2 protein chains.
Amino acid sequence: MNKKQLQSEQTKKKIAHAARNLFVQKGYKATSIEDIVEATGSSKGNIYYHFKSKEGLFLYLIEEWDYDWDQKWREKESLYPTTIDKFFGFAEQMVLEDLNHPLTKSADEFFKSEEQTSEMEERITDMVQRHLQFNQQLIQEGIDAGQFHAQDTNSLAVILEGLMFGLSHMSRKSSLQEALALYHDAIKVFLYGIAANRPEDQSNNEE
Amino acid sequence: MNKKQLQSEQTKKKIAHAARNLFVQKGYKATSIEDIVEATGSSKGNIYYHFKSKEGLFLYLIEEWDYDWDQKWREKESLYPTTIDKFFGFAEQMVLEDLNHPLTKSADEFFKSEEQTSEMEERITDMVQRHLQFNQQLIQEGIDAGQFHAQDTNSLAVILEGLMFGLSHMSRKSSLQEALALYHDAIKVFLYGIAANRPEDQSNNEE
DNA sequence: TAAGATACTGAACGAACGTTCAGTATAAGG
DNA sequence: CCTTATACTGAACGTTCGTTCAGTATCTTA
């Protein structure tokens, strides 16, 4: 790879990185190309040289982020001896990787407002499905190990995903330490909530 | 109240109602005044006759919604015999009252993008604080009744708020029945998670 | 070093938006 | 019935935004 290609790639990454920060901070619509121009020092034209459109730039970021998350999880997963440890590791990575899904909110916004290319819609639906499967698998693991009360893993996966999403929302103004503590506590509640040896029934509304 | 005033009030409500639906569906930025014009049949000028600005209209909706929620809760609260029942009632109202905070997401978006009037920022911060206090009180009640494990009610309030917010996100495409079931399950997990008689310790990471 | 490919610039454009305002219709009150 | 206050209209304005493109700079290659 020669000097020019290298430079070009760096520029593309610089744009992507700046755009990512802006989308996370301000949301999709509220981030203008002009904002990205200011943050990078590149020109408008150059952004459109590297990316097809604002939508294309966003899509690029979404895919990159999802890929990176998976990558990092794979590196860590084997290090956790038990499912419980995995859960806490999961929570930690959610925080460390920029408070869960820093782009999810923008993605969500994007996804509502734009009349969809359906390429985008499909990709996002796929992403959510992958997350739910991921969660479900983790929960099933704990059930198989006898640590969790056997029940509908599908709902639990949605609840876990919702919890993570909600926590990211709640801790937007927190420090890293606070966020880590909060996620840790939340996972603890969740784990006690699905633990194998439940205390006596609490609801007159049970299944 | 004469005919004209009545008519005027109805128009204002019609605008508010249509705007609310649009903000919930599309978000703050993505909803244009033109959209509201189309949805109501009123003219642009008329919207600006009834509301100071787009921001003012949104603020009006936020306050109305928060007030209504409280109102409805007060009607129901005394009907629940135990704290546990209150929690399930809480979850139910979250769903029935338009899936938790239908405007929270728009509010959040609004709140990020706009350079704040600080009137708005203050009001939203207050609102979140009120919710957290509400949650904390509910949890404290359960602890006092000996039903919940005594612990940091502050974090738990945040976790509950996050869970509710996340669930509303997850069930945007669900039916009412599915949402009710999901929220019910989630509250059950949460209650087991903070129940008084915990199973043996699960984490090597305890406080 | 000349020619061509690649990387980048920034002015310009058209569409969309929130807001305003001069003007019109309608009901209220004397 | 006539005046005045109120409710409403919609064209027009100024701004912002995503996108385009003719032109320039820089590097590669032969």
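Quick caveat, the model's predicted, so the values are computed rather than measured.
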Does the gap between the ring centers of B/Phe87 and B/Phe148 come in under 6.0 Å? yes
What's the spacing between B/Gln151 CD and B/Ile194 CD1 if we round to 0.5 Å? 7.0 Å
For A/Asp70, check side chain to side chain donor-acceptor pair (under 3.5 Å) against everything at least two apart and list the hits. A/Arg74
All side chain to side chain donor-acceptor pair (under 3.5 Å) counterparts of B/Asn46, not counting sequence neighbours: B/Ser42
Sub-6.0 Å ring centroid separation between B/Trp65 and B/Tyr60: no
So that I know where these two stand, are A/Phe58 and A/Phe51 an aromatic pair - ring centroids less than 6.0 Å apart? no
Can you work out whether A/Gly45 or A/Asp35 has the more 5'-proximal nearest nucleotide on DNA chain D? A/Asp35
Span of DNA chain D, from the first to the last nucleotide whose atoms fall under 4.0 Å of chain B heavy atoms: D/dA5 to D/dG10
As an exercise, state the distance from CD of B/Glu77 to CG of B/Asp85, rounded to the nearest 0.5 Å. 12.5 Å
In dot-bracket notation, what is the pairing pattern of DNA chain D, taking Watson-Crick (N1-N3 plus N6-O4 or O6-N4) and G-U wobble (N1-O2 and O6-N3) contacts under 3.5 Å, with [ ] crossing and | for other strands? |..|||||||||||||||||||||||||||
Can you check nucleotides 26-30 of chain C for protein contacts, nitrogen or oxygen pairs under 3.5 Å, and list what you find?
unit_1	atom_1	unit_2	atom_2	d
C/dT26	O2	B/Lys4	NZ	2.8
C/dA28	OP1	B/Lys3	N	3.2

Identify, with sequence neighbours excluded, every residue that meets side-chain contact (heavy atoms from CB on, under 4.5 Å) alongside A/Gln137. none
Compute whether any side-chain donor of one residue and acceptor of the other, for B/Asp144 and B/Gln140, lie under 3.5 angstrom apart. yes
Distance in angstrom units between A/Tyr49 OH and C/dT6 P, rounded: 7 Å
Option among B/Phe190, B/Phe134, B/Tyr183 that satisfies the ring pair (Phe, Tyr, Trp, His ring centres under 6.0 Å) test with B/Phe90: B/Phe134
Measure the distance from CG on B/Leu57 to P on C/dT19 and round it to the nearest whole Å. 10 Å
Take B/Ser32 and A/Ser43, find for each the nucleotide of DNA chain C with the closest heavy atom, and name the residue whose nucleotide sits nearer the 5' end. A/Ser43
Flag, side chain of A/Ser171 to backbone of A/Ser174, donor-acceptor distance under 3.5 Å: no
Presence of donor-acceptor pair under 3.5 Å, side chain of B/Lys54 and base of C/dT19: no
Once you apply a heavy-atom cut-off of 4.0 Å, does B/Thr31 come out as touching a base, just sugar-phosphate, or nothing? sugar-phosphate
